[in-house]
Colleague: 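Sharing a structure, written as structure tokens. Questions coming.
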Amino acid sequence: MASQSVAVTVPAPGWGRRLGVPAWYAALGAACAFGLAAWIYELEKGLASTGMRDVVSWGLYIFTFAFFIGLSAGGLIMASSSEVFGIKALRPLARMGVLSAAGCVAVAALMIIPDLGQPFRVTNILVHPNWTSPLVWDILIISIYFVFSVVDLAVLHRRARQPGRSRQVARVLAYIGLPTAVLLHSVTAWIFGLQIARTWWNTALMAPLFVVSAILSGTALVTLVALAAERWAGFHLAPATRRWLRGLVTVTLLIDLFFVGSDYITMLWGNVPADRSALNLVLPGGAWSWVFWLEWVVGGLVPLAFLVVPRLRQLPGSLGTASFLVLVGVYAFRVELVVIGFVNPLLQYPPGNALGTYSPATPSFQLVGRYSPTWVEYGIVIGLMALFALVMTAGYQWLALGRAETPVEAEEPSGADS
Amino acid sequence: MAAGTSTTPHHVMVIDTNRCVGCWTCAVGCKEVNNEPLGYWWNRVLTTAPNQSTSAKKPASENIDVPWGEYPNVEMSYLPVACQHCNDAPCVKVCPVQATFRRDDGTVLVDYERCIGCRYCIAACPYGVRVFNWGGGEYAPGGVVGYGKDYRTDGHLVFEPERPKGVVEKCTFCVERIDVGEQPFCVEVCPLGARVFGDLNDPASEVSQLVNEGGAVQLLAELGTEPNVYYVPTRRRVMTET
């Protein structure tokens with residue numbers, strides 16, 4: 001495939017397999033229905049049906065919320081960068097990227113609803129907003145970002161169908177898109193980073209860390225979607241595009257690990273008891289060390305090896321494998337961020353905090369918090385993930401992304417990639 | 001705040017940890033008067049050691065009443081903790097809908113009708129004193145109903161005996177009692193007289209004496225949340241073998 005320019009029309013053999021598509025939609029629809037049923041059950045029973053309690057009072061919903069906010073970055077940043085920095089190789093992914101951005105941010109916003117104790121009062125945020133709350137700003141920027149992504153998608157789509165039109169508009173949108181994306185991740189990071197109560201969260205690195213892990217996970221997601229579309233839906237991924245994706249994932253993964261490691265070093269060297277007790281929960285030997293292994297090894301060193309070690313990167317599935325593992329690692333980082341903030345005791349005195357519920361023969365207090373999600377939480381999260389996949393598939397078909405929008409000339413011989 | 005400049009009282013509670021014996025009467029009294037469901041503790045008594053910082057030492061045990069150190073060099077004291085009613089309260093700052101608010105007298109309250117149950121305040125409180133109604137609340141059969149009425153201040157519903165599901169709540173300084181000149185219930189029931197409640201704007205009040213001259217300190221004062229609950233630190237008393 002080296003140094004070959006890509007034809008505009010690529011046959012779409014994937015959709016020809018008629019049986020596969022309805023089955024895929026049916027499976028996703030069933031998962032969505034299950035998620036909805038789980039939410040109705042939760043409304044009936046209250047949040048007592050989740051694994052959250054007063055000690056660990058945010059759980060799987062908030063991990064997934066923060067994860068999807070991060071995922072929404074990649075597409076938009078990719079689409080905008082192709083304009084702003086003139087990276088032609090990323091342009092074929094622009095519409096797919098913006099579609100995933102819109103889908104991710106919508107799913108992230110929906111993720112908050114089942115986490116609320118009084119979901120039907122959510123309009124109070126519009127009626128009585130408290131402007132000192134990072135949450136209000138986050139909801140504002142999420143709304144802006146969603147509207148922006150939809151508009152951007154429409155403009156890009158028009159431009160793809162009628163080349164030459166909407167060029168200026170697309171450029172202007174690209175210049176607005178980048179700072180909006182950075183702001184979205186920063187404000188979400190500040191929900192945690194501004195809090196003085198929990199030293200685990202209260203670091204100035206939080207916003208930069210969120211921005212870089214967002215670019216990392218978002219790029220990995222778009223890579224996976226593009227690879228899946230290539231495999232099943234007649235999309236073509238040019239070698240130059242592939243090279244850019246690989247490079248972006250590699251660089252942001254390194255920066256991400258550098259930031260997290262930098263926070264670790266600060267806590268280790270400082271040896272402040274509250275910091276150390278939090279960090280010890282994550283480091284090998286701690287109760288949450290599985291998160292450490294997922295973040296640093298499964299989602300860190302292993303994908304890095306697939307991305308940079310010459311022998312491994314030549315393997316056919318190397319980019320896809322690395323992208324998937326990166327997503328696992330970034331999710332682990334969200335778990336680490338939220339959960340350690342909660343399980344680490346605020347006042348390190350027994351008996352700790354009350355749970356807020358009672359079950360016979362178990363203590364009502366926890367000094368070091370514990371948390372494991374229930375089927376209700378898994379059900380709702382899986383349902384929303386299925387909804388995302390549904391939006392992506394339907395959007396892909398509706399926008400006819402299988403047909404490449406702009407011919408991409410491979411700028412140079414692409415060597416061992418592809 | 002300058003003394004005696006306004007007619008609004010500045011409500012403050014001072015807890016003398018030298019008097020506290022860790023009997024939990026305040027915590028249980030709080031549960032009863034406020035009709036707190038099973039598993040709820042708006043007020044709780046932590047086992048600690050004299051002059052120990054909140055995080056410097058590993059806890060002696062997960063259980064209460066276990067002293068630090070080895071016999072005969074052991075030490076122990078108690079720290080009753082409920083809402084600290086901060087002047088610069090993180091919970092008030094983070095609440096997206098202004099459901100948590102601070103009254104002019106210093107009392108921090110939650111509007112049960114406005115709270116959306118996002119629990120950001122629980123994440124933001126450095127003292128871990130907020131309680132969420134996870135499932136509507138269960139009661140032990142034949143429990144005491146306590147105050148038993150709704151209570152509103154400035155139109156905000158801040159107490160309900162039948163607790164709404166999916167809403168955050170916490171110590172109210174017994175707002176329904178202090179508004180009619182009574183003492184918070186924990187102050188009234190403490191058998192040791194370890195708790196004092198009053199007006200910091202009145203220089204002659206007992207709380208003013210304890211705060212201004214008695215060396216009372218705030219919990220995690222370094223965070224700058226300016227709690228309106230003060231603690232008289234425990235004086236170390238060395239027991240010698242006889």
Side-chain angles (χ1 to χ4, degrees), chain A residues 45-50 52-55 57-58 112 115-122 124-125 127-130 132-136 139 191-192 194-199 201 272-274 277 338 341-342 345-359 363-368, chain B residues 37-41 44 46-48 52-66 79 81 90 92-99 113-120 122-138 164-168 219-220 223-225:
Chain A
K45 298 275 172 189
L47 289 172
S49 58
T50 70
M52 297 182 279
R53 289 297 180 267
D54 285 337
V55 183
S57 54
W58 280 347
I112 292 294
D115 191 59
L116 296 179
Q118 290 283 347
F120 300 111
R121 289 185 191 168
V122 71
N124 280 359
I125 295 173
V127 185
H128 311 284
N130 177 15
T132 57
S133 173
L135 206 59
V136 170
I139 286 160
I191 289 179
F192 304 97
L194 299 184
Q195 297 314 314
I196 53 169
R198 300 172 196 268
T199 60
W201 292 349
V272 176
S277 67
V338 178
F342 282 106
L346 290 167
L347 305 171
Q348 214 171 111
Y349 301 135
N353 271 24
L355 291 172
T357 56
Y358 170 78
S359 53
S364 284
F365 289 88
Q366 275 175 6
L367 185 57
V368 176
Chain B
L38 294 170
Y40 270 55
W41 294 90
R44 62 202 205 279
L46 305 177
T47 303
T48 173
Q52 184 178 307
S53 128
T54 50
S55 64
K57 275 192 204 165
K58 280 251 162 273
S61 162
E62 292 241 332
N63 299 316
I64 58 170
D65 300 339
V66 179
L79 186 75
V81 176
V92 174
K93 282 203 276 194
V94 300
C95 178
V97 296
Q98 304 177 40
E113 288 173 317
R114 189 180 289 184
C115 174
I116 59 171
C118 69
R119 309 188 296 295
Y120 197 4
I122 298 184
C125 173
Y127 307 97
V129 296
R130 290 180 154 255
V131 177
F132 184 69
N133 189 315
W134 295 95
E138 286 176 83
K165 189 165 77 178
V167 165
V168 173
L219 193 55
L220 302 178
L223 294 181
T225 52

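Chain letters run A, B, ... following the sequence lines, proteins first, then strands; residues in each count from 1.
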Colleague: What residue, out of A/Leu367, A/Leu116, A/Val136, has the most heavy-atom pairs lying under 4.5 Å from chain B?
Modeller: A/Leu116
Colleague: B/Val94 versus A/Gln195: any side-chain heavy-atom pair under 4.5 Å?
Modeller: yes
Colleague: Centre-to-centre under 6.0 Å for A/Trp201 and A/Phe342, is that the case here?
Modeller: yes
Colleague: Between A/Gly46, A/Ser364, A/Gly356, who has the most heavy-atom pairs with chain B when the cutoff is under 4.5 Å?
Modeller: A/Gly356
Colleague: Considering only heavy atoms from C-beta outward, does the side chain of A/Leu346 approach that of A/Arg198 to under 4.5 Å?
Modeller: yes
Colleague: If we only count heavy atoms from C-beta on, is the A/Leu135 to B/Cys118 side-chain gap below 4.5 Å?
Modeller: yes
Colleague: Quick check on the interface: out of B/Thr47, B/Asn133, B/Leu219, who has the most heavy-atom pairs with chain A under 4.5 Å?
Modeller: B/Thr47
Colleague: Report which part of B/Cys125 has an atom under 4.5 Å of a heavy atom belonging to chain A: side chain, backbone, both, or neither.
Modeller: backbone
Colleague: Against chain A, label B/Glu138 side chain, backbone, both or neither, depending on which of its atoms sit under 4.5 Å from a heavy atom there.
Modeller: side chain
Colleague: Mind checking side chain to side chain donor-acceptor pair (under 3.5 Å) for A/Asn130 and listing every partner two or more places apart, or none if nothing turns up?
Modeller: A/Thr132
Colleague: Using a cut-off of under 4.5 Å on heavy-atom pairs, state which of A/Val338, A/Val368, A/Asp115 scores highest against chain B.
Modeller: A/Asp115
Colleague: Specify which of A/Gly341, A/Ser57, A/Pro134, A/Ala274 makes the most heavy-atom pairs with chain B at under 4.5 Å.
Modeller: A/Ser57
Colleague: Among A/Ala354, A/Ser359, A/Ala48, A/Pro119, which residue forms the greatest number of heavy-atom pairs with chain B at distances under 4.5 Å?
Modeller: A/Ala48
Colleague: For chain A, which candidate among B/Gly224, B/Cys115, B/Pro90 shows the most heavy-atom pairs at distances under 4.5 Å?
Modeller: B/Cys115
Colleague: Please classify the contact between B/Arg44 and chain A as side chain, backbone, both or neither, with a heavy-atom cut-off of under 4.5 Å.
Modeller: side chain
Colleague: With a 4.5 angstrom heavy-atom cut-off, which part of A/Phe365 approaches chain B: side chain, backbone, both or neither?
Modeller: side chain
Colleague: For side-chain contact (heavy atoms from CB on, under 4.5 Å), just list the numbers for A/Gln366 and A/Asn353, CA-CA rounded to whole Å, side-chain angles, deciding distance to a tenth of an Å, and then say yes or no.
Modeller: CA-CA 6 Å; A/Gln366 275 175 6; A/Asn353 271 24; over 6 Å; no
Colleague: Looking only at heavy atoms and a cut-off of under 4.5 Å, which of B/Val97, B/Leu220, B/Asp65, B/Ile122 has the most pairs with chain A?
Modeller: B/Val97
Colleague: Under 3.5 Å, is there a donor-acceptor pair between the side chain of B/Tyr120 and the main chain of A/Ile191?
Modeller: yes
Colleague: Taking C-beta and beyond as the side chain, do B/Leu46 and A/Leu347 meet within less than 4.5 Å on heavy atoms?
Modeller: yes
Colleague: In chain order, what residues pass the side chain to side chain donor-acceptor pair (under 3.5 Å) check against B/Asn63, with sequence neighbours excluded?
Modeller: none
Colleague: As an exercise: rank B/Trp41, B/Tyr40, B/Tyr127 by heavy-atom pairs under 4.5 Å with chain A and give me the winner.
Modeller: B/Trp41
Colleague: With a 4.5 angstrom heavy-atom cut-off, is it the side chain or the backbone of B/Ser61 that approaches chain A, or both, or neither?
Modeller: backbone
Colleague: Just so I know, are the side chains of A/Ser277 and B/Lys58 near enough to count as touching, which here means a heavy-atom distance under 4.5 Å?
Modeller: yes
Colleague: Taking side chain as everything from C-beta outward and backbone as N, CA, C, O, which of these in B/Val81 sits under 4.5 Å from a heavy atom of chain A? Side chain, backbone, both or neither.
Modeller: side chain
Colleague: Relative to chain B, which segment of A/Ile125 carries a heavy atom at a distance below 4.5 Å: side chain, backbone, both, or neither?
Modeller: both
